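Just so it is clear, the structure is predicted and the values come from calculations on it, not from any experiment. Residue numbering restarts at 1 for every chain, and letters A, B, ... go by the order of the sequence lines.
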There are 2 protein chains.
Amino acid sequence: MTPEVRDRLDAFIKHKGLRNTPQREALVQAIFASDEHFTADELWDRLRGKEARSSRATLYRTLGLLTEAGLLQEIDLGDGQTTYDPNFLDHPSHNHLVCIDCGKVVEFQDHGIDVLNDCITRRLGFRPVKHSLRIEACCESLRSKGHCRNLIQARLEGKRLPGKKR
Amino acid sequence: MTPEVRDRLDAFIKHKGLRNTPQREALVQAIFASDEHFTADELWDRLRGKEARSSRATLYRTLGLLTEAGLLQEIDLGDGQTTYDPNFLDHPSHNHLVCIDCGKVVEFQDHGIDVLNDCITRRLGFRPVKHSLRIEACCESLRSKGHCRNLIQARLEGKRLPGKKR
DNA sequence: GTTATTGCAAATGATTTGCACAAGG
DNA sequence: CCTTGTGCAAATCATTTGCAATAAC
């Protein structure tokens, strides 16, 4: 966890008059241990075996809090569950490409989009707050070679592919 | 309903060996009567009083079918329900700006985004299928004048504002 | 006659919430 | 102490699904 995250979180806790609990702290540690995005369920799995495990209710409440604090970004990958992105402070521009073949998600940034967003938003009479471009695409190698490494991997892991709801 | 839509639908029905039923037809009529986007619930309301009313199950099944046929576009406005856009054939590039103050949704097109999408997707090694830019912004007039006509309207209509889930 | 379709009611599944109890400060 | 936080179980709520009855073709 970067000092920035820590500071921002502490400030938020103080500002809102919240308290420090081991459950919340364990969740925060698990969340910011990596910069990978995750779902509520994946986070639940990460806490497997950890001493300070919380209930699902607390997990969801904490996710809401961190989102409110601006430390997490909710994103929708079209699979019926919310995905959380802890990578927001470092990368305020959040765009995702989802492979419709295997469900792989590529996160990327693009300056052009940022500029374009700003122009468009102002032209429409609003002030920009945030934006995200979501691209659905298909795998080039699947098309040319007839197979896709990601696809195989995804099947093995039993991942839910895009298009499947719930 | 434009002839294009009709043709495409008929072709789809024939291709998949589906049948023509009054329920489905009534739904299709209601959906393509306007080019406004809608939720399952709003569509349900549109059928109020119509003779050929269907069950919710059929409504959802039909929405799925039309989406599969490429006649509807599923979009996520972040309010916990799927919004459907019937405006896809005419406007393949689908972008939305959501006002975080009042929840108003502005649909817009932008050639720059289309170009950018194409470049980015290929650069990442994929083939573009579809994309959508989702902008969250706040109302300029709310900020400068302290009020926003949309906000008032939204409250009156009891609309669910962004950020509220379910 | 087949086979797709419908309606109903029950199931799903992620997320939320009421409540009584536990525990920060 | 006085709140805020937690866990549990029950509640939500949009959407899906099993199934028996209907209805296209």
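Using a 4.5 Å heavy-atom threshold, the side chains of B/W44 and B/L27 count as separate.
Remark: C1' of D/dA14 and CG of B/L43 are 14 Å apart, rounded to the nearest angstrom. Rounded to an integer number of Å, the gap from CD of A/Q81 to P of D/dT15 is 16 Å. In this structure, the CG atom of B/D79 is 15 Å from the C1' atom of C/dT15, given to the nearest Å. Spacing between atom CD of B/E25 and atom P of D/dA23 amounts to 18 Å, rounded to whole angstrom units. The distance between atom CD of B/E68 and atom P of C/dA4, rounded to the nearest whole Å, is 14 Å. Atom-to-atom, CG of A/D45 to P of C/dA14 comes out at 12 Å; the value is rounded to the nearest Å. Between A/L27 atom CG and D/dG5 atom C1' there is a gap of 12 Å when expressed in whole angstrom units. The nearest whole Å value for the distance from the CG atom in B/L72 to the C1' atom in D/dT15 is 16 Å.
A salt bridge links A/E136 with A/R134: at least one charged nitrogen is closer than 4.0 Å to a carboxylate oxygen. Under 4.0 Å is where a charged nitrogen must lie from a carboxylate oxygen, and between B/D41 and B/R56 at least one such pair does.
The two residues A/P86 and A/H37 make their nearest non-hydrogen contact at CD-CA, 4.0 Å.
Listed pair B/T82 / D/dT15 meets the phosphate criterion, a side-chain N or O lying under 4.0 Å from OP1 or OP2. Taking 4.0 angstrom as the limit, A/Y60 places a side-chain polar atom (N or O) nearer than this to OP1 or OP2 of C/dT15.
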Give every pair of a protein N or O atom and an N or O atom of nucleotides 5-8 of chain C that lie under 3.5 Å apart, one pair per line with the distance.
residue	atom	partner	partner atom	Å
C/dT5	OP1	B/R19	N	3.0
C/dT5	OP1	B/R24	NH1	3.3
C/dT5	OP1	B/R24	NH2	2.3
C/dT6	OP1	B/T21	OG1	2.7
C/dT6	O3'	B/Q23	NE2	3.1
C/dG7	OP1	B/Q23	NE2	3.4
C/dG7	OP2	B/S55	N	2.8
C/dG7	OP2	B/S55	OG	3.0
C/dG7	OP2	B/T58	OG1	2.7
C/dG7	N7	B/R61	NH2	2.8
C/dG7	O6	B/R61	NH2	3.4

List the atom pairs, with distances to 0.1 Å, where a side-chain N or O of residues 14-23 of chain B and a protein N or O form a donor-acceptor pair under 3.5 Å, not counting sequence neighbours.
residue	atom	partner	partner atom	Å
B/K16	NZ	B/E68	OE2	2.9
B/T21	OG1	B/R24	N	3.2

CA sep, side-chain torsions, deciding dist, call: A/R46, A/S34, side chain to side chain contact (heavy atoms under 4.5 Å, CB included): CA-CA 11 Å; A/R46 277 195 209 170; A/S34 103; 4.2 Å; yes
